[in-house]
K.L.:
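I'd like to ask you about the structure that follows.
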Number of protein chains: 2
Amino acid sequence: MRILTTETTKKVGEEVMLKGWVNARRDMGKVTFLDLRDRSGVVQIVCFPADLDEQSLAIAKEARGEWVLEIRGIVNKRGVKQINPNLATGEVEVLAKEIQVLAKAEALPLDLAEEKIGLDVHLDNLPLTLRAPKWRALFKIQSEIVEAFRAFLRGQGFTEFQCPKIVGGSTEGGANVFNIDYFGHKAFLAQSPQFYKQIMTGVFERVFTVGNVYRAEEHATTRHINEYTSMDLEMAMIKDHTDVMKLETEFLRYLLEYLKKTVSEELKACNYEEPLLPKEIPVFTLREVQKLIKKHTKVDHIAEPDLEPNEERWICEYAKKELASDFVFVTHYPTAKRPMYTYPDEKDPETTKSFDLLFKGVEITTGGQRIHDYQQLLGNIKKWGLKPENFSFYLEAFKYGMPPEGGLAIGLERLTARLLGVENVKEATLFPRDLNRIDLPLSS
Amino acid sequence: MRILTTETTKKVGEEVMLKGWVNARRDMGKVTFLDLRDRSGVVQIVCFPADLDEQSLAIAKEARGEWVLEIRGIVNKRGVKQINPNLATGEVEVLAKEIQVLAKAEALPLDLAEEKIGLDVHLDNLPLTLRAPKWRALFKIQSEIVEAFRAFLRGQGFTEFQCPKIVGGSTEGGANVFNIDYFGHKAFLAQSPQFYKQIMTGVFERVFTVGNVYRAEEHATTRHINEYTSMDLEMAMIKDHTDVMKLETEFLRYLLEYLKKTVSEELKACNYEEPLLPKEIPVFTLREVQKLIKKHTKVDHIAEPDLEPNEERWICEYAKKELASDFVFVTHYPTAKRPMYTYPDEKDPETTKSFDLLFKGVEITTGGQRIHDYQQLLGNIKKWGLKPENFSFYLEAFKYGMPPEGGLAIGLERLTARLLGVENVKEATLFPRDLNRIDLPLSS
C-alpha cells in the first residue's frame with residue numbers, strides 16, 4: 001500500500017512504499033540521495049549499495065530528474081545535524097530497500113530548480129516547467145482562490161450556475177470579440193457572463209459563475225491575456241453599488257484568512273506578503289482621483305473618462321502610503337464610457353454607480369449596479385445605438401420583474417499575480433493564450 | 001432589515017420585512033393573498049384592507065405574477081385547518097402592513113405554474129420559465145452535483161485547475177470541431193480538456209477541472225448538445241482503468257448521499273427516485289454485452305465496434321432487472337475506435353483499458369487508462385496517421401516522466417437529466433446551444 005511522502009514522518013521505523021518523481025539525485029561516493037516528489041511534498045531517499053539488490057542499485061545510480069520511481073524502504077529519524085528545517089519531512093529519511101522504475105525521463109532541457117527561467121522558455125515548456133516548486137505553489141494557491149470564492153458565496157446564499165460561452169451577439173457592443181463559425185451562422189466567444197448572470201438573478205436572486213471569458217484585444221502588455229478566468233457574481237435586492245463593494249471587501253477578508261489556513265506552505269514558497277486590507281477599503285470617485293493626481297503631480301486629466309495605467313498605480317501607491325491599503329475602489333466612471341446596462345447616479349446622471357477595484361496598481365474587478373427597469377434599459381439600448389431585437393432574450397428578464405441588482409467580476413489571473421507578486425499576468429495563467437501563442441508560438 | 005421568507009417560521013408575532021417576487025395572487029373578496037417567492041422559498045402574505053394604507057392596498061390589488069415587492073408585516077401562526085403541509089413556511093403567514101413595488105412585470109405570456117410548457121416555448125422564454133419551481137429545483141440540484149464532484153475529489157487529494165478552451169489543434173483527431181478566427185490564425189474550441197489534464201497529472205498527480213466543452217456535431221437527438229459541461233478528472237499512479245472505475249463508483253455513492261443532505265426539498269420537487277447503486281457496479285466487456293444481447297434478442301452485433309443507443313438501453317434494463325443496478329460499466333472498446341492515447345490491453349491489444357459508464361440507458365462517462373510511455377504514445381500518433389509535431393506540447397509531458405495514469409469525464413447535463421428523469425438533455429442544460437438555437441432560434 002502506497003503512502004504519501006509527507007506521511008513518512010508518522011511512520012518512523014516502519015517499512016513503507018512510495019511513488020513519485022525524482023526531484024534531484026546527489027551521488028556522494030558510497031551513498032546516493034534521491035529527493036522524491038509526490039502530490040503531497042518531497043522526502044529524501046537514502047540508497048546504500050549494501051541495502052539494495054543489483055537492479056535497484058542500478059536504478060538509484062541511473063535515475064535522473066523526473067524519472068518516476070516506486071520505492072520500498074524503512075523510515076529513519078535523521079540525526080540532529082542532518083535535520084532539514086526547510087522540508088516538511090526534514091526530520092526523517094527513507095532507507096531504500098527496493099527501487100522500481102514507473103517511467104523514465106529524457107535528459108531535462110533545463111534545470112527545474114533554476115529560479116530565472118526566461119518567460120518564453122517557460123511558456124514553451126509548460127508541461128515540464130509547471131512541475132517546478134514555484135509554479136506548483138502558485139497554481140495550487142490559484143485553485144484555492146477559486147474555492148474560497150465559491151465557499152464564501154455559498155455561505156452568503158449564492159447559487160452557482162454553468163454559463164455558455166458561445167453567444168449570438170457581443171455583450172459589450174461589438175469590438176474585440178472572437179468569431180466562431182457556428183453551423184454556417186455567425187457566433188462569438190463570450191466576453192463575459194454578464195447577461196446570463198443578470199438573467200439568473202431573476203431565478204436565484206444571488207448567483208455566481210466561474211469560467212473562461214474572451215477578449216480579442218491586440219494588446220501585448222503584462223496585464224492582458226486573450227482567454228482568462230472570470231469569477232462573476234450578481235445579486236438582486238441591493239440598495240446600490242456599495243452593497244456589492246461591501247460584499248467584495250468581505251470576500252477579500254475571507255480569502256486572505258482562507259489561504260493562510262489552506263496553503264500556508266505554498267504561500268511561503270511564493271514569498272507571499274499579506275496585503276494591507278483595512279476594515280474599509282478606501283473609496284474615491286474617478287474625479288476625486290484625478291483631483292488628487294492634479295494636486296500632487298500637477299498633471300491635469302480631470303476631463304478624461306478613465307484612468308491611465310500609471311494613474312492606477314499612482315492612486316494605489318497613495319492609498320498604501322496614506323491610508324494603509326493595498327486596495328482602492330474607484331467609483332463613478334462616466335456613463336458614456338460604461339456599457340448600456342450600467343446604472344446612472346441619480347445625483348449626477350453623467351456618472352454611474354459603477355466601480356473598479358484596484359489592487360497593487362492593477363484593476364482586478366469591474367462592478368456596479370445595473371439598470372433593472374425594463375423601459376429604462378430599453379431606452380439605453382437605443383441611446384447606445386444598439387438594436388433592441390438583438391437583446392430580446394436578455395430583455396425578457398427585465399420585462400417580467402427584476403429588482404435593483406448589481407454584481408462584479410474578478411479576473412482570477414490578475415488577482416493571483418498581484419497577490420503573489422508576479423509581474424506578468426501570463427505567469428499566473430496556466431496555459432496563456434495571447435497574440436502570438438496558443439501553447440506554442442503561432443506560426444507566422 | 002430584510003429577512004428571507006423561510007425565516008418567518010422563527011419570527012411568529014414579530015414584524016418583519018420581506019422582499020421577493022409574486023408567485024401568485026388570489027383575490028377572495030375582502031382579503032387578498034399573495035405568494036411571495038425569494039431565494040429561500042415562498043411564504044403566504046395576507047392583505048386585509050383595514051391593515052393597509054391606500055397605496056399598499058392598491059399594490060396588493062394590482063400586483064401580478066413576477067412583480068417584485070417589499071412587504072412589511074406581522075408573522076402569524078395559521079389556524080390548524082389553514083396549515084399547508086406542502087410549504088416549508090406552511091404553518092405561518094404574514095399579515096401585510098405596508099407594501100412597496102421594487103419592480104413591475106408585464107402580463108406573463110404563460111403560466112409558470114403550468115407543468116406542460118412545450119420544449120420550444122420553454123427554451124424561447126428561459127429568462128422567465130427558469131423561474132418556475134421545477135427548473136429552479138433542477139438547476140439548484142445541478143449546481144450541487146458540481147459541488148459534490150469537487151468536494152469529493154478535493155477529499156481524495158485532487159487539485160483543481162482552469163483549462164483553456166481555445167486550442168491550436170483538435171484533441172480527438174479532426175472532425176466535429178468549431179473553428180475560431182484567432183488573429184488570422186486557425187484555432188478551435190476544445191472538445192475536451194484531455195491533453196491539459198494529462199499534462200497536469202505530471203504537476204499535481206491528481207487533478208480535476210469543470211468547464212465547457214464543444215462538439216460541432218450535427219445531431220438533433222435528446223442526448224446531444226453542442227456546448228456542454230464536462231466534469232473531468234485525471235489521476236497518476238494507477239494500476240489500470242479499474243482504479244478509475246472504482247473512484248467513479250465512490251463518487252456516485254458520495255453524490256447520492258450529498259444530494260439527500262443538501263437539496264432534499266429540490267429532489268422532491270423533481271420527483272426524484274434514488275437510483276440503484278450496488279456496492280459494485282456491474283462490469284461487462286463490450287463483447288460480453290454483445291453476447292448477452294445475441295443470447296436474449298437473437299440480434300448478432302458481435303462484430304460491431306460500439307453499442308447502438310438501443311443496445312445501451314437494453315444492457316441498462318438488463319442490469320436493473322438482473323443485477324439491481326441503474327449503472328453499468330462497459331469496458332474494452334476496440335483500439336481502432338478509441339483515441340490514440342487509449343491504453344491497449346496487454347492480453348488483447350485489439351481492445352483497450354477503456355470504459356463507458358451507462359446510467360439509465362445513456363452513456364454519461366467515458367474513461368480509461370492512457371498510454372504514459374513516451375515512445376509508445378509517439379508510435380500511436382504515427383499509427384493513427386497524425387503528425388507528432390502537432391502534438392509536441394502534449395508530448396513533452398510524457399517525454400519527461402509520466403507514470404501510469406488514467407481518468408474520466410462526466411457529462412454534467414446528461415447526469416442531471418438521468419438522475420432527475422428528464423427526457424431531453426436540453427432540459428438539463430441552462431442555456432442550451434444546438435443546431436438551431438443560441439438562446440433564440442437561429443435565423444435561416
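In what follows, chains carry the letters A, B, and so on, assigned in the order in which the sequence lines appear, proteins first and then strands, with residues in each chain numbered from 1. In this text, all values refer to a predicted model and were calculated from it rather than measured experimentally.
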K.L.:
What part of A:L412 gets within 4.5 angstrom of chain B, counting heavy atoms only: side chain, backbone, both, or neither?
P.N.:
side chain

K.L.:
Heavy-atom distance under 4.5 Å to chain A: side chain of B:E405, backbone, both or neither?
P.N.:
neither

K.L.:
With a 4.5 angstrom heavy-atom cut-off, which part of B:E144 approaches chain A: side chain, backbone, both or neither?
P.N.:
side chain

K.L.:
Heavy-atom cut-off 4.5 Å, strictly under: side chain, backbone, both or neither for B:V203 against chain A?
P.N.:
both

K.L.:
Report which part of B:V146 has an atom under 4.5 Å of a heavy atom belonging to chain A: side chain, backbone, both, or neither.
P.N.:
side chain

K.L.:
Any sub-3.5 Å donor-acceptor pair from A:R437's side-chain atoms to A:L442's backbone N or O?
P.N.:
no

K.L.:
Quick check on A:L102 against chain B: is it the side chain, the backbone, both or neither that has a heavy atom closer than 4.5 Å?
P.N.:
both

K.L.:
Please state whether the side chain, the backbone, both or neither of B:K104 comes within less than 4.5 Å of a heavy atom of chain A.
P.N.:
backbone

K.L.:
Counting only heavy atoms closer than 4.5 Å, note whether B:E106 contacts chain A via side chain, backbone, both or neither.
P.N.:
both

K.L.:
For B:Y214, which atoms come within 4.5 Å of any heavy atom of chain A: side chain, backbone, both, or neither?
P.N.:
side chain

K.L.:
Go through the atoms of B:D38 and report whether side chain, backbone, both or neither lie under 4.5 Å from a heavy atom of chain A.
P.N.:
both

K.L.:
Tell me, side chain or backbone of B:T129 under 4.5 Å from chain A's heavy atoms, or both, or neither?
P.N.:
neither

K.L.:
Is chain B contacted by the side chain of A:D124, its backbone, both, or neither, given a heavy-atom distance below 4.5 Å?
P.N.:
backbone

K.L.:
Measuring heavy-atom distances to chain A, does B:R2 have an atom under 4.5 Å in its side chain, in its backbone, in both, or in neither?
P.N.:
side chain

K.L.:
So for A:Q162, is it side chain, backbone, both, or neither that comes closer than 4.5 Å to the heavy atoms of chain B?
P.N.:
both

K.L.:
Can you say whether B:N212 sits under 4.5 Å from chain A via the side chain, the backbone, both, or neither, judging by heavy atoms?
P.N.:
side chain

K.L.:
With B:E413, which residues qualify under side-chain hydrogen bond (donor to acceptor under 3.5 Å, both in side chains), at least two apart?
P.N.:
B:T229

K.L.:
Given that the side chain runs from C-beta out, which part of B:L430 has a heavy atom under 4.5 Å from chain A: side chain, backbone, both or neither?
P.N.:
side chain

K.L.:
Less than 4.5 Å to any heavy atom of chain B: does that hold for the side chain of A:Y374, its backbone, both, or neither?
P.N.:
side chain

K.L.:
Under a 4.5 Å heavy-atom cut-off, does chain A meet the side chain of B:L435, its backbone, both or neither?
P.N.:
both

K.L.:
Give, as side chain, backbone, both or neither, the part of B:A132 having an atom under 4.5 angstrom from any heavy atom of chain A.
P.N.:
neither

K.L.:
Please enumerate all residues that pass ring-ring contact (aromatic ring centres under 6.0 Å, His included) together with A:Y196, with sequence neighbours excluded.
P.N.:
B:F431

K.L.:
Looking only at side-chain N and O atoms, does B:T159 offer a donor or acceptor that is under 3.5 Å from a partner on A:S143?
P.N.:
no

